[in-house]
Amino acid sequence: MELAKAYEPKEAEKHHYKRWEESGFFRPEIIQNADAEPYSIVIPPPNVTGSLHMGHALQHTIMDVLTRRKRMQGFRTLWLPGTDHAGISVQRKVVEQLKKEEQKSPLDIGREEFIARCWKWKEQYGNTITEQMRREGASVDWTRHRFTMDERLSAAVRSVFVTLYEEGNIYRGLRIVNWCPKDKTVLSDLEVKEETKKDGKLTYLKYPVIGTDATITVATTRPETMLGDTAVAVNGSDERYKDLVGKTIALPLTNREIPIIADEYVDAEFGTGAVKITPAHDPNDYLVGERHNLEQLLVMNMDGTMNAAAGAEFEGLDRFRAREKVVEMFDELGLLEKVDDYEITLPVCERCKTIVEPILSEQWFVKMDELRDLGLELSRQNIPQFSPEVPHAKVYQTWLENLKDWTISRQLWWGHQIPAWYDDEGNVYVARTEAEAKEKAGGKELTQDNDVLDTWFSSGMWAFSTFGWTGCADTPVRIAGSSGETEGSRRSDAHADKSVRTPTDLETFLPTDVLVTGRDIIFLWVSRMMMLTKKFVGETAFKDCVITGTVLGKDGKPMSKSRNNGVDPIEMFDKFGVDATRIYLSSIATGADVKWNDLGIETYRNFANKIWNATRFSLMNVGTRASLPAIEDPQAGKDARVPTTLADKWIISRLNRTALDLNRALDKYEFHTAVSLLYHFFWDDFCDWYIELRKDEINAGDAEATTRILGILETALRMLHPFMPYLTEELWQKLPGTSAEMHNAAYKHTVGTQASSLLEEKSGQDARVPTDKTIMLADFPLGDAGLIDEQAEREMLAVIDVIKRVRNIRTEMQISPSIKFDVHIAADAGFQQVFRDNEAQILKLARAEKLVISSELDVPKASAKTVTNDAVVAVPLEGLIDFDKERERLATQINKLAEEKTRLDAQLSNANFVEKAPPEKVDGLRERSAELEHQINTLNNNLEALN
RNA sequence: GCCGUCUUAGCUCAGUGGUAGAGCACUCGCUUCACACGCGAUAGGUCACAAGUUCAAAUCUUGUAGACGGCACCA
């Protein structure tokens, strides 16, 4: 069998995914074992407006690694994909499109038509990311793809809303909210970010006090809001203003009179100690206003212009223009005290960066007390278990403890319209459907609330709405809902006998096993999913939560369009291959930020090529052989052959050790450790040593050696598969002896039998009969501690040491690789045997002519000598040796050993150390010190012998 | 203001009480019959700084400096 000289990722990426998907390999239904333990992950649904970025690539890789490993282990595995309707993002796209193509505004075409356009947009452009996920190799079950505005998911949203409303956990109220004048919608606190403005101004305005000549000075960063002032507040204990409290101010530019009040909120030390109070435009002023029963005067429109209440001179002016004008007019009136430069941080809209206006507005809110307590209760039990735990567990809990009510209405059209209807008198009826609402209203004509729900309201239900929960009669309910006095579970009794029907997805896959996401949405999404799932299904949404780091641009800043420092994953796929990109992303420490660096990915491109070529080598002799014994799995009980050579014992030991460590690392979500283990096992142990050690036999066509290497390789490919699915499938397919018989027991007999009918029944699609073998369903190596052979590893190390020391002599003595020389080794009887048994290997890898093994060295003076932990090695170099160089070489080596010995001896001469350190530690050092002394003496003798 | 993270070889990053690691780059040598996306051999670090705890600190504690993140406030 001939393979190309270099791995061509695109070739492998072309056909495997389609086959996997069409064969139903991604579906949990393919499993034949009824008792298989489920393993499930729901994807953080990307925005339909989105296209794949590095953050997705990273998270998807992690999820796919987890999913593929569990699938190979025979779990009933589901990774559920989906997309989010992304309210504002889609709406903005469609508004832009409408303006550009038809010069129309949403109002021109009306709500219904606008929403139709949004759907159209979604159909047309919303698949970008799902197609890109196929390229990634993401093994998601596409037949279970969900969209947050799917009919059933929307029904679920309405159920949750209605229930929370009926419980009093959702209310409508007039509050100061974050308003984005550009998007013309309210934003939750989490959607508001901060921007520091160095050129801010603090303006000091003088207000005349009626009945006196005095003025009172207030400072403000938003002078235009003075038009809505309804009081000036001072601290009651502030001597300066004591006499003014209770007096009245003639508010300039208006003909209003406002009181001077005393309130503890005011800090006498700060500014002038007097604060203008604008209850309709500032959250703190709002609270002061409530305490003092002040009028809430709204002076701004929702588009950021001033309204009629601001006065005729200001009406219609943009808020920033009005600001200038207020200052100008105060100046003209002689009431402008001063304007100071002032660095200020302003709230801005997360998406459009427009300065957010705090404004009084009637909105819907979720009262978070009960939900918060549910979340906190879990959090105290370490649910979810964050990886990495620091700092997320603590930050998450602290955030929950300080949780405020959640503004859930949004002034958009695209989204879940709030299921609340109003009659002519303004009475509200909350119901799942308009019909229900009408019934409640006694048949009155109703109009539905114009607003839609925050996108995160529906995302927060993702863990259960995706599994079919609607909260309605048809919800596939859970059997033993622990909290479950929800509508859904109450209606469940009729179907509650699990034994007589197929368990629903909700029963099977919730709680999900792990959530993988970025830290930016821990509050927005993770927390809400935890709380809502607990409340409505009585379950933990997920047990573990892996928080990935951020892939930064080359400049160390987060990738963004404005910085133009983004790296497109698709470009990386094209340049280095999907598998190289995946395993590189996996090699980043969990949770750590990393600066993008093409060199990192190149490392793994090279690694992929190394794997390709190791396979190429392993297969080279296969084609010429008529028959080969079946390859066997070199794990306990799976390989009947007893390894005879040291190299075999050693590589089997290393393989099993690697598999054990690998699984341990993956269980702890330490993907970078896993990658490092695989990289070094494959490259160092397998390629650099094992292949080289057995090369001659393999080239000579030795059946045992050829089969053995294929067995090791095959197992390694399975370990690598979750990280590098395309490459490993491509190569595994080419290995002789691989077959569907090697699939995990849970998938045996899947091929061509039950699975196809099952698939057909479930998906309704033309499920092709999967007659082919696939590494995807092969057993994931777990490793066996019983096959770790400490002795073989020690002996192999001795052999490797000798080879390395001889190579070192060759290089240091500048002896051409083409020149062969004799090698003398002195060692104890045990190691003599080891070296004798591996003579051919040592000869080959040290490029030696002859090996002389004895208990005492007997070599001419003109020899280069060296020591290992287990042997003394000499290379007679008559005519080749440069004595000065050899002295230098020996001196360097002695120095190194002596340094170590000095350190150790210093420690050993410390009575405190000997007394207090663990005895095995002390003994270890003593042994090492003795060994070093021996080695140094040997080298010193050699050095003297040269003189 | 509060909470937290980071600072390790030229670069990008692992490690986290017991002799400092990787990849890449660098130096030297190899057209060795799987791979130059390769092979072999070197070199390179008082683990930001200071003090403390400990027999032992890069690792724990405190402080300092620099980089950064979250939350709150911002008259």
Side-chain angles (χ1 to χ4, degrees), chain A residues 3 5-7 189 194 200 202-205 217-222 232-233 265-267 270-278 282 284-285 342-347 390-392 394-395 398-399 402 519-520 522-523 550 554 556-557 576 580 584 587-589 591-600 602-620 672-673 676 679-680 687-688 691-692 695 698-699 803-804 807-812 814-818 844-845 847 892 899-901 903-904 907 910-918 921-922 924-925 928:
Chain A
L3 263 61
K5 197 169 173 184
Y7 173 51
D189 292 346
E194 293 190 344
L202 188 60
T203 306
Y204 291 77
L205 304 174
T217 302
V218 295
T220 179
T221 54
R222 294 189 292 154
V232 167
Y265 157 68
V266 181
D267 177 2
F270 193 93
T272 63
V275 185
K276 58 190 279 304
I277 300 297
T278 325
D282 183 278
N284 288 307
D285 293 6
Y342 187 71
E343 185 177 312
I344 187 172
T345 50
L346 292 171
V390 177
H392 301 114
K394 190 178 166 189
V395 173
T398 309
W399 181 80
N402 299 301
R519 54 179 159 257
D520 51 336
I522 294 179
F523 303 147
T550 311
K554 288 184 178 77
K557 304 244 167 66
F576 300 107
Y584 167 61
S587 77
I588 299 166
D593 291 352
V594 68
K595 268 187 242 185
W596 185 265
N597 185 352
D598 276 6
L599 291 175
E602 248 182 82
T603 299
Y604 292 100
R605 190 266 320 260
N606 297 350
F607 183 45
N609 191 241
K610 190 74 179 174
I611 296 167
W612 176 268
N613 273 290
T615 308
R616 183 165 171 247
F617 171 77
S618 305
L619 289 175
M620 273 186 138
H672 60 298
T673 309
S676 166
Y679 185 92
H680 292 292
C687 292
D688 286 352
I691 289 184
E692 295 304 330
K695 200 171 225 173
I698 291 164
N699 279 337
I803 294 168
K804 287 192 146 191
R807 283 171 172 174
N808 173 255
I809 287 173
R810 181 186 294 277
T811 305
E812 296 284 316
Q814 296 182 332
I815 297 164
S816 155
S818 58
K844 178 177 161 65
L845 299 186
R847 306 189 68 78
T892 310
E899 254 175 52
E900 188 185 341
K901 185 162 189 301
R903 245 196 333 261
L904 293 188
Q907 234 179 316
N910 182 342
N912 271 328
F913 171 71
V914 177
E915 210 174 292
K916 293 186 181 174
K921 189 81 211 160
V922 179
L925 290 197
R928 179 68 186 150

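Naming convention: chains lettered A, B, ... in sequence-line order (proteins, then strands); numbering from 1 in each chain.
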Gap between atoms [atom1] and [atom2], on [X] and [N] respectively (whole Å):
| X | N | atom1 | atom2 | result |
| --- | --- | --- | --- | --- |
| A/Ile277 | B/A75 | CD1 | C1' | 8 Å |
| A/Ile803 | B/C39 | CD1 | P | 16 Å |
| A/Arg605 | B/A36 | CZ | C1' | 12 Å |
| A/Trp612 | B/A34 | CH2 | C1' | 12 Å |
| A/Asn606 | B/C35 | CG | C1' | 10 Å |
| A/Glu602 | B/A25 | CD | C1' | 11 Å |
| A/His392 | B/U5 | NE2 | C1' | 9 Å |
| A/Trp399 | B/G4 | CH2 | C1' | 17 Å |

With a 4.0 Å cut-off on heavy atoms, is [X] in touch with a base, just the backbone sugar-phosphate, or nothing at all?
| X | result |
| --- | --- |
| A/Tyr342 | sugar-phosphate |
| A/Thr345 | base |
| A/Val914 | nothing |
| A/Asp688 | sugar-phosphate |
| A/Lys5 | sugar-phosphate |
| A/Tyr679 | sugar-phosphate |
| A/Glu900 | base |
| A/Ala917 | base |
| A/Asp285 | nothing |
| A/Lys610 | base |
| A/Thr221 | sugar-phosphate |
| A/Glu899 | nothing |

Can you check whether [X] has a side-chain N or O nearer than 4.0 Å to OP1 or OP2 of [N]?
| X | N | answer |
| --- | --- | --- |
| A/Asn284 | B/C74 | yes |
| A/Arg903 | B/U19 | no |
| A/His672 | B/G15 | yes |

- request: Classify the angle between the aromatic ring planes of A/Tyr679 and A/Tyr604 as parallel (below 30°), tilted (30 to 60°) or perpendicular (above 60°).
  value: perpendicular

- prompt: Would you call the rings of A/Tyr584 and A/Trp596 parallel, tilted or perpendicular if under 30° counts as parallel and over 60° as perpendicular?
  reply: perpendicular

Spacing of CZ belonging to A/Arg807 relative to CD1 belonging to A/Ile815, to within rounding of 0.5 Å: 15.0 Å

Nearest-nucleotide 5' precedence on RNA chain B, A/Tyr584 against A/Leu904: A/Tyr584

Of A/Ala219 and A/Gln814, the one whose closest RNA chain B nucleotide lies more 5': A/Gln814

task: Answer yes or no: does atom NZ of A/Lys844 have more than 12 heavy-atom neighbours from other residues, nucleotides or ligands under 6.0 Å?
output: yes

So which nucleotide from [options] ends up closest to the side chain of [X]?
| X | options | result |
| --- | --- | --- |
| A/Ala589 | B/U12, B/G29, B/A14 | B/A14 |
| A/Lys921 | B/C71, B/G18, B/A41 | B/G18 |
| A/Lys916 | B/C55, B/C35, B/A41 | B/C55 |
| A/Lys394 | B/C37, B/C3, B/C55 | B/C3 |
| A/Met620 | B/C73, B/A36, B/A34 | B/A34 |
| A/Val395 | B/G18, B/G70, B/A75 | B/G70 |
| A/Ala592 | B/A14, B/A34, B/U19 | B/A14 |
| A/Phe270 | B/A75, B/C55, B/C13 | B/A75 |
| A/Asn609 | B/A75, B/C30, B/C35 | B/C35 |
| A/Asn613 | B/A72, B/C55, B/A34 | B/A34 |

query: Do A/Lys695's NZ or CZ and the ring of A/Phe617 fall within the cation-pi criteria of under 6.0 Å and 45°?
result: yes

task: Return yes if some donor-acceptor pair links the side-chain N/O of A/Arg605 with the main-chain N/O of A/Phe576 below 3.5 Å, else return no.
output: no

Using atom [atom1] in both nucleotides, what's the gap between [N] and [M] to the nearest angstrom?
| N | M | atom1 | answer |
| --- | --- | --- | --- |
| B/G15 | B/A57 | C1' | 14 Å |
| B/A43 | B/G38 | P | 22 Å |
| B/A14 | B/C60 | P | 16 Å |

message: Using a distance-only criterion (donor-acceptor N/O pair, under 3.5 Å, no hydrogens), is the base of B/C73 paired with the side chain of A/Glu194?
response: yes

message: Could you tell me the Watson-Crick or G-U partner of B/U31, where both distances fall under 3.5 Å? Say none if there is no partner.
response: none

